[in-house]
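Below is one structure, written out as structure tokens; the observations come after it.
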Amino acid sequence: MKIRIGTFNLFQFVEPPYSWYTKKEKFNIEQWEEKTTWIKNQITEMNCHIIGFQEVFSKKALKTLLSELGFKYFKTIDSPKSDKKNDKVYTSTIVALASKYPIKNLKRIEIDFTALKKHHLDGFFKFARAPIKATIALPNQKDLDVYVCHLKSNRDNEFEYVFTKDTTLKEKKEKIKKALEENYSQSLKQRLCEASSIFNDIKRTQNPAVLLTDLNDKEFSVTIQALTNKKYHDETLKKDEYLLLDAYYFYKKKIYNPHPEQKEIKRTPTSYFAGKGNILDYIFVSNMFDKNKQNHIGQITSYEVFDKHLQQNQNGSLLNSDHAQVVCELEFN
């Protein structure tokens with residue numbers, strides 16, 4: 001059996017006459033028609049069985065749109081908040097999950113309070129956007145736990161370290177230690193507490209799991225270590241031990257007409273800022289899908305980034321999205 005799973009940041013999915021953040025920020029009827037038509041076409045092209053969504057305001061409108069495309073099951077775990085002075089203006093966004101297979105169970109992620117202490121976070125804490133955990137019943141397979149999240153963004157543009165694939169976990173932890181202790185980056189601290197809480201939940205599940213996310217952090221970031229690496233949370237471990245895998249690195253890439261001097265394929269950005277491409281959108285899967293493991297239950301057979309709209313305009317558009325969509329295919333044994 002093969003299933004296709006995707007992640008899709010919708011970029012201000014707000015049905016008129018509602019607005020996002022300020023009264024004037026809203027779509028007219030024609031703009032909304034253009035945006036939803038683009039979203040439908042994009043979802044059709046993605047050809048998924050399960051999709052996680054970010055930047056959802058109008059959840060009823062999204063449920064209707066997805067129902068028209070064959071997604072019988074749709075879940076959110078929260079509602080966007082409205083301005084106290086004007087209920088037509090949304091002030092917060094949520095995540096959502098759509099599936100063509102039955103969603104058996106829906107759960108909130110509990111906060112890992114040991115992570116708050118570890119990351120020197122004092123006072124009240126809550127997720128910037130409540131993540132979803134849903135159990136999906138696959139035909140003739142073990143249930144699949146699907147997580148959808150949209151971690152805290154770095155809106156204040158605080159300084160945060162940028163790491164490479166060669167930076168060790170020890171080096172990453174040493175570099176961010178001072179920033180955490182002295183509150184140099186509140187958004188990083190928040191993201192790490194969110195990531196640690198999600199990791200702690202996934203660690204306890206008995207089912208294979210996938211995580212569909214706008215991470216709001218770059219490739220090789222310490223946030224990815226907090227989400228995936230047991231050693232980040234348990235320093236007694238002698239080497240890295242991954243609970244989750246970045247799906248991108250666990251499928252065999254096809255190279256067409258390879259250049260003889262080409263050493264590796266450059267990863268396609270999913271978002272751009274000031275002309276620089278970043279990978280912010282990810283699909284992580286249980287290490288049970290590592291085909292090199294003796295007890296693997298399946299493997300990753302494709303990984304695609306849908307970014308034609310960003311090739312035309314790196315900043316994206318409110319009438320489509322400012323993020324690329326990511327899809328991977330899982331084949332069960």
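Predicted model only: the values in this text are computed from it and were never measured. Position 1 is the first residue of the sequence, and the numbers go up from there.
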Do [X] and [Y] touch side chain to side chain, with heavy atoms closer than 4.5 Å?
X: Lys230; Y: Phe199; answer: yes
X: Leu227; Y: Leu215; answer: yes
X: Ile109; Y: Ile132; answer: no
X: Thr7; Y: Gln54; answer: yes
X: Leu62; Y: Phe53; answer: yes
X: Val285; Y: Ile300; answer: yes
X: Val89; Y: Asp87; answer: no
X: Leu69; Y: Thr44; answer: yes

For [X] and [Y], test the side chains for any donor-to-acceptor distance below 3.5 angstrom and give the result as yes or no.
X: Lys118; Y: Ser196; answer: no
X: Ser187; Y: Asn154; answer: yes
X: Thr135; Y: Asp145; answer: yes
X: Arg129; Y: His150; answer: yes
X: Gln12; Y: Thr93; answer: no

> Would a line drawn from the ring center of Trp32 to the ring center of Phe13 be shorter than 6.0 Å?
Replying inline: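 Ring-ring flag for Trp32/Phe13: true, centres closer than 6.0 Å.
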
> Can the ring centroids of Phe289 and His296 be said to lie less than 6.0 angstrom from one another?
Replying inline: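 Aromatic pair excluded; centres sit 6.0 Å or further apart.
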
Under 4.5 Å between side-chain heavy atoms, hopping through other hydrophobics if needed: is there a path connecting [X] to [Y]?
X: Tyr248; Y: Leu245; answer: yes
X: Ile297; Y: Leu244; answer: no
X: Leu212; Y: Leu151; answer: no
X: Ile224; Y: Phe220; answer: no
X: Leu330; Y: Leu211; answer: no

>> Listing request: all side-chain hydrogen bond (donor to acceptor under 3.5 Å, both in side chains) pairs with a residue in residues 307-330, at least two apart in sequence or in separate chains.
In response: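 Sorted pair list: Gln42-Gln325, Asp281-His323, Thr301-Glu329, Asp307-Gln311.
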
>> The test is salt bridge (Lys or Arg N to Asp or Glu O under 4.0 Å); show your working for Asp246 and Arg267 and say whether it passes.
In response: CA-CA 12 Å; Asp246 181 345; Arg267 191 168 186 175; 2.9 Å; yes

>> Other members of the hydrophobic cluster containing Leu310, with the 4.5 Å side-chain heavy-atom rule, please.
In response: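 Noted: Leu310 shares its cluster with Tyr272.
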
>> Surrounding NZ of Lys231 (heavy atoms of other residues, nucleotides or ligands, distance under 6.0 Å), is the total greater than 12?
In response: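 Result for NZ/Lys231: enclosed.
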
Check [X] against [Y] and note the closest heavy-atom contact, atom names and distance.
X: Lys126; Y: Ile111; answer: CA-CD1, 4.4 Å
X: His233; Y: Ala226; answer: NE2-O, 2.7 Å
X: Leu280; Y: Thr270; answer: N-OG1, 3.0 Å
X: Tyr161; Y: Ile176; answer: CD1-CG2, 4.0 Å
X: Ile279; Y: Pro269; answer: CG1-CA, 4.2 Å
X: Ser92; Y: Pro80; answer: O-CB, 3.1 Å

> Which value, rounded to the nearest 0.5 Å, describes the distance between Ile202 atom CD1 and Asn200 atom CG?
Replying inline: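 The distance works out to 10.0 Å.
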
>> Could you measure the distance from the CD1 atom of Ile5 to the OG atom of Ser99? Nearest 0.5 Å is fine.
In response: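 So the CD1 of Ile5 and the OG of Ser99 are separated by 11.0 Å.
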
Is the [X] ring parallel, tilted or perpendicular to the [Y] ring (thresholds 30°, 60°)?
X: Tyr21; Y: Phe57; result: perpendicular
X: Tyr282; Y: Phe284; result: parallel
X: His119; Y: Tyr232; result: parallel
X: Trp20; Y: Phe27; result: tilted

>> Whether the side chain of Lys35 engages the backbone of Phe11 through a donor-acceptor N/O pair (distance < 3.5 Å, no angle test) should be reported.
In response: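 At least one qualifying donor-acceptor pair exists.
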
>> Could you work out, with salt bridge (charged side-chain N to carboxylate O under 4.0 Å, His left out) as the rule, every residue matching Glu30, not counting sequence neighbours?
In response: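 Salt bridge (charged side-chain N to carboxylate O under 4.0 Å, His left out) list for Glu30, sorted by chain: empty.
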
>> If you apply the rule side-chain hydrogen bond (donor to acceptor under 3.5 Å, both in side chains), what do you find for Lys59 with Ser79, and how did you get there?
In response: CA-CA 8 Å; Lys59 59 182 183 179; Ser79 294; 2.9 Å; yes

> Tyr18 ring centre to Lys88 NZ or CZ under 6.0 Å, with the angle to the axis within 45°?
Replying inline: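 Judged by the rule (NZ or CZ under 6.0 Å from the ring centre, within 45° of its axis), Lys88 counts as positioned above Tyr18.
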
Where at least one partner belongs to [range], residue pairs that pass salt bridge (charged side-chain N to carboxylate O under 4.0 Å, His left out), sequence neighbours excluded:
range: residues 5-15; result: none
range: residues 92-113; result: Asp78-Arg108, Lys104-Asp143, Lys107-Asp201
range: residues 171-192; result: Glu160-Arg191, Lys173-Glu235, Lys177-Glu181, Lys178-Glu182, Arg191-Asp217

> Does the salt bridge (Lys or Arg N to Asp or Glu O under 4.0 Å) test come out yes or no for Lys152 and Glu194, once each step is laid out?
Replying inline: CA-CA 8 Å; Lys152 171 68 177 173; Glu194 292 176 342; over 6 Å; no

